[in-house]
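Below is one structure; the comments refer to it alone.
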Amino acid sequence: MSLRGYTIIRELGKGSFGTTYLVKSTDNNNLLYALKHFTFPEHNPNNYATAKRLFQREVAILQTLNGNAQIPDFIDYWEEHQEYYLVQEFLSGDLLRKELKEDEKSEADVVEFLTEILAILQVIHDKKIIHRDINPNNIMRRSCERQLVLIDFGAGAIRKFVKNTTLTQLQTPPTIIYTPGYAPIEQIQGHPEFNSDIYAVGIIAIQMLTGIEPHDVQMDENGEIIWRSQLQVSEHLANILTTMVRYDYRSQYQCVDKVLEDLLTGYHTPTQILPSKTNLAPSPSSSTRNPIYVILFCLLAGLSTIAILSAAGILPVNQPCNQQQQGRMI
Ligand SMILES: Nc1ncnc2c1ncn2[C@@H]1O[C@H](COP(=O)(O)OP(=O)(O)OP(=O)(O)O)[C@@H](O)[C@H]1O
Ligand SMILES: [Mg+2]
């Protein structure tokens with residue numbers, strides 16, 4: 001391994017084409033970073049080419065998205081002896097996978113999750129990037145601010161729109177990478193789209209509500225996921241989730257804006273919202289006492305304030321969790 005000015009502290013995770021480490025920079029005040037080392041099983045040139053492609057994509061995408069607090073900051077990359085290295089901001093926090101193991105979530109929790117993760121998707125889709133591997137091991141929650149962060153853009157792709165047609169094509173040759181259970185049929189067949197990411201988020205939301213792992217989910221004869229009858233959830237959220245995870249991509253949501261619009265519109269008026277699976281007492285009729293209404297109101301008010309302050313130059317982007325500039329002191 002060629003670690004340049006970094007020293008490994010411990011392994012953070014291992015995937016098919018590499019290992020991610022927590023490292024400290026010996027050149028830079030022992031600041032902490034996450035270093036992804038892309039490797040490939042020897043004697044197989046195809047794997048080498050794939051590892052290189054994943055590395056190049058992740059570098060390009062992180063560079064494009066740099067400066068967003070809900071995506072790791074890009075720091076550095078290099079290649080040496082046909083091995084590839086990517087250094088990014090170290091996120092102090094836990095994987096969403098850990099939260100899912102803890103307990104089943106209430107409808108309010110799920111709406112909060114959806115609102116936050118869909119806003120991140122909106123940013124990346126606006127840049128024509130499809131993540132293609134959204135799952136609970138690729139979403140982290142910062143411990144300092146409880147913010148969600150989307151990681152692992154190795155499977156990501158940049159969409160190129162061909163002028164004057166509705167035809168679209170991927171800028172790089174397709175690499176069929178996905179996590180079983182979280183990928184819709186069109187992605188499994190090699191045609192990922194923006195709605196493939198929306199599908200994955202819908203599956204996670206259903207997993208949050210039901211506690212059922214995607215590979216244990218039952219399907220009907222049309223390939224539609226059977227989940228609705230198994231729990232108490234408002235008609236409004238159930239309809240949104242059902243549309244997110246439709247078998248036929250033509251019936252799914254095609255863009256994040258529409259999901260968010262439906263989500264927010266529905267909760268502006270009093271609806272039959274069920275606070276949690278275990279606490280099914282009737283909710284007060286006043287919309288102001290509805291927990292989801294309050295969460296959404298606060299979230300929108302917070303986002304507007306941040307946007308106004310940022311625009312006025314009062315609040316630097318990334319400030320709270322990134323005060324020590326691109327790293328964290330030990
Ligand atoms: N920036 C980061 N800060 C803290 N931990 C991270 C960071 N990036 C990754 N990790 C941890 O390392 C694990 C593996 O990283 P990542 O998801 O990027 O790659 P992978 O799944 O091993 O690779 P791939 O899916 O591309 O084969 C993550 O699940 C997470 O636990
Ligand atoms: Mg991963």
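Just follow the structure's listing: the first ligand is 1, and inside any ligand the first atom is 1. Being a predicted model, the structure only gives us computed values, none of them experimental.
In this structure, D220 contributes its side chain and G223 its backbone to a donor-acceptor pair below 3.5 Å. Without hydrogens or angle criteria, E89 side chain to D73 main chain gives a donor-acceptor distance under 3.5 Å. Judged by distance alone, with hydrogens and angles left aside, the side-chain atoms of D94 form no donor-acceptor pair with the main-chain N or O of K98 at under 3.5 Å. Between the N68 side chain and the Q70 main chain, a donor and an acceptor come within less than 3.5 Å of each other.
Listed by first then second residue, pairs satisfying ring pair (Phe, Tyr, Trp, His ring centres under 6.0 Å) with a partner in residues 129-148 read H131-F153, not counting sequence neighbours.
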Between ligand 1 and the protein, which N/O pairs fall short of 3.5 Å?
{"from": "ligand 1", "atom 1": "1 (N)", "to": "Q88", "atom 2": "OE1", "distance (Å)": "3.4"}
{"from": "ligand 1", "atom 1": "1 (N)", "to": "E89", "atom 2": "O", "distance (Å)": "2.8"}
{"from": "ligand 1", "atom 1": "3 (N)", "to": "L91", "atom 2": "N", "distance (Å)": "2.9"}
{"from": "ligand 1", "atom 1": "15 (O)", "to": "T20", "atom 2": "OG1", "distance (Å)": "3.2"}
{"from": "ligand 1", "atom 1": "17 (O)", "to": "N138", "atom 2": "OD1", "distance (Å)": "3.0"}
{"from": "ligand 1", "atom 1": "17 (O)", "to": "D152", "atom 2": "OD2", "distance (Å)": "2.9"}
{"from": "ligand 1", "atom 1": "18 (O)", "to": "K36", "atom 2": "NZ", "distance (Å)": "2.9"}
{"from": "ligand 1", "atom 1": "19 (O)", "to": "K36", "atom 2": "NZ", "distance (Å)": "3.2"}
{"from": "ligand 1", "atom 1": "21 (O)", "to": "D152", "atom 2": "OD2", "distance (Å)": "3.0"}
{"from": "ligand 1", "atom 1": "22 (O)", "to": "G15", "atom 2": "N", "distance (Å)": "3.0"}
{"from": "ligand 1", "atom 1": "25 (O)", "to": "D152", "atom 2": "OD2", "distance (Å)": "2.8"}
{"from": "ligand 1", "atom 1": "26 (O)", "to": "K36", "atom 2": "NZ", "distance (Å)": "3.4"}
{"from": "ligand 1", "atom 1": "26 (O)", "to": "D152", "atom 2": "OD1", "distance (Å)": "3.1"}
{"from": "ligand 1", "atom 1": "29 (O)", "to": "N137", "atom 2": "O", "distance (Å)": "3.0"}

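Just one residue in the list T19, D152, T20 forms a side chain to side chain donor-acceptor pair (under 3.5 Å) with K36, and that residue is D152.
Considering only residues two or more places apart in sequence or on other chains, Y249 meets the ring-ring contact (aromatic ring centres under 6.0 Å, His included) condition with none of them.
In this structure, the ring of Y84 has its center less than 6.0 angstrom from the ring center of F55.
The set of protein atoms (N, O or S) found at less than 2.8 Å from the Mg ion (ligand 2) reads N138 OD1, D152 OD2, by chain and number.
Grouping the Ile, Leu, Val, Met, Phe, Trp and Tyr side chains by contacts below 4.5 angstrom, directly or via other members, places Y33 with W78.
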